[in-house]
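Below, all heavy atoms of this structure are taken into account, side chains as well, without hydrogens, waters or symmetry copies.
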There are 2 protein chains.
Amino acid sequence: MALVNLPKTPKGLETLERIRKAAEMLFSEKGYYNTSVTDITTEASVAPGTFYIYFPDKKSVFRYLLEDMSHTLRTEIGVATKDCTSRYDKEYMGFKTFFDFVKKHSGLYKIIWEAQFVDNEMFKEYYENFAARYMIKIREAQQTGEFLDLDPKILAYCLIGISNFIGLKWVIFDNEPVPDEVIREIMRFIRSGAFADPQPANRQ
Amino acid sequence: MALVNLPKTPKGLETLERIRKAAEMLFSEKGYYNTSVTDITTEASVAPGTFYIYFPDKKSVFRYLLEDMSHTLRTEIGVATKDCTSRYDKEYMGFKTFFDFVKKHSGLYKIIWEAQFVDNEMFKEYYENFAARYMIKIREAQQTGEFLDLDPKILAYCLIGISNFIGLKWVIFDNEPVPDEVIREIMRFIRSGAFADPQPANRQ
DNA sequence: ATTTTACATGAATAGTGATTCATATTTCAT
DNA sequence: ATGAAATATGAATCACTATTCATGTAAAAT
């Protein structure tokens, strides 16, 4: 069964969009399990049955939003970093775009965190896919000599962890955009590490 | 209302413990919202009403587990890092202890992630508390000259993000312990950063 | 031994909520 | 304009679930 039954008329498209927006709003406000299908249809000003014209069940609208989000985020990061010449700039712009996205769509962003408990497979796939793409970029930067020879998988998850928790604190907890100074500070950290007196890199 | 009504006889203690264990198991297996009180009491081999002798409602057992977990984790990290002489060793042992904990109590660990959607206040408090403690340690290490003068708050959330996402990937996704080589690689990263040719640390 | 307190039961309550479907209306192609 | 396709309705269904309570049993205190 498809995730969504796409409408064939402008009217249908408009209705689907209203349902999508209502779901996005309510999921981010109250979470998936505290939102009923009736909540969604009421917010969208349609009858309960209308929901099932477009979605086979409640979970599908969640998946639909997640896929949408994941695609939009990837695209935005891709566009924003396209013209960066150095890995350093790409990394900076990647962070910046991610934080902007989280601020602009904090509702959608929260959906990812909840996915672990709604659709665990999708949650895992989302992050592993994200990490896999990151690893490719990391390997490229290692070949040009821009990045140290750290394990790409480990480095990818470190960087993803950093962006997610900085986004969590500033945007989700404190409802602020992540200031540029914070991004610069993160860049200082991933450029030089945290220790004042770096030890030899290959000590066992 | 208290989170839990502590029993006054050995028999009661044993029953409470059975309920606690059943809840922990089911929450980590299926999540809070896909676990019913009846599921818990069935798993614990007691009648539904027995649950309410010990907990005022369903949410309380979740909170109870969360507090328990949070306390145990803090204690274990405290003990493990007590005798470390350098900040480097403390950081290493902190990571190691955290990963061991996640592996050993992966069920409890997942509860934290879900807390955002069950008890958002508690979720926020948990991480802000964790970060606040981290910040104190970071400032100390900066005073002894072991750490660079990065913003303690930002650094704390970076390090928390790293440990959480490495734990997520290895333990939750792949169900493996985090190998020591991975911890060493993380240490390389936070010691030297990711870039091969570090720029001056204070460039604007 | 008897009274009191603690613990346990499970059927009943009261409410929720996802989903269906028979029916009605609107839109569109011809 | 008209038949077909698309969209919309909302009451009814059915399953589920948190919680209560009247009753019963076990343990502890006196």
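When heavy atoms are screened at a 4.0 angstrom cut-off, B/Phe55 is found touching no nucleic acid atom at all.
A/Ile53 places its CD1 atom 12 Å from the P atom of D/dA6, with the value rounded to the nearest Å. Remark: C1' of C/dA6 and CD of B/Glu14 are 15 Å apart, rounded to the nearest angstrom. If you take CG of A/Leu6 and P of D/dA5, they are 20 Å apart, rounded to a whole angstrom. Look at CG on A/Asn5: it is 17 Å from P on D/dA5, rounded to the nearest Å.
You'll find the ring centres of A/Tyr33 and A/Phe62 outside the 6.0 Å limit. Ring centers of B/Phe117 and A/Tyr32: at least 6.0 Å apart, outside the cut-off.
Judged purely by distance below 3.5 Å, without hydrogens or angles, the side chains of A/Ser60 and A/Asp57 pair a donor atom with an acceptor atom.
We find that A/Lys21 and A/Glu24 are not joined by a salt bridge, their nearest charged nitrogen and carboxylate oxygen being 4.0 Å or further apart.
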- Note on the structure: The contact string for nucleotides 14-30 of chain C, one letter per nucleotide 5' to 3', using protein heavy atoms under 4.0 Å with B, S and - for base, sugar-phosphate only and none, comes out as ---SSBB-----SSS--
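Residue pairs meeting the side chain to side chain donor-acceptor pair (under 3.5 Å) criterion with at least one partner in residues 156-170 of chain A, sequence neighbours excluded, are A/Tyr109-A/Asn164, A/Tyr127-A/Asn164, A/Lys169-A/Asp174, A/Lys169-B/Glu128.
For B/Ser28, there are no side-chain hydrogen bond (donor to acceptor under 3.5 Å, both in side chains) partners, not counting sequence neighbours.
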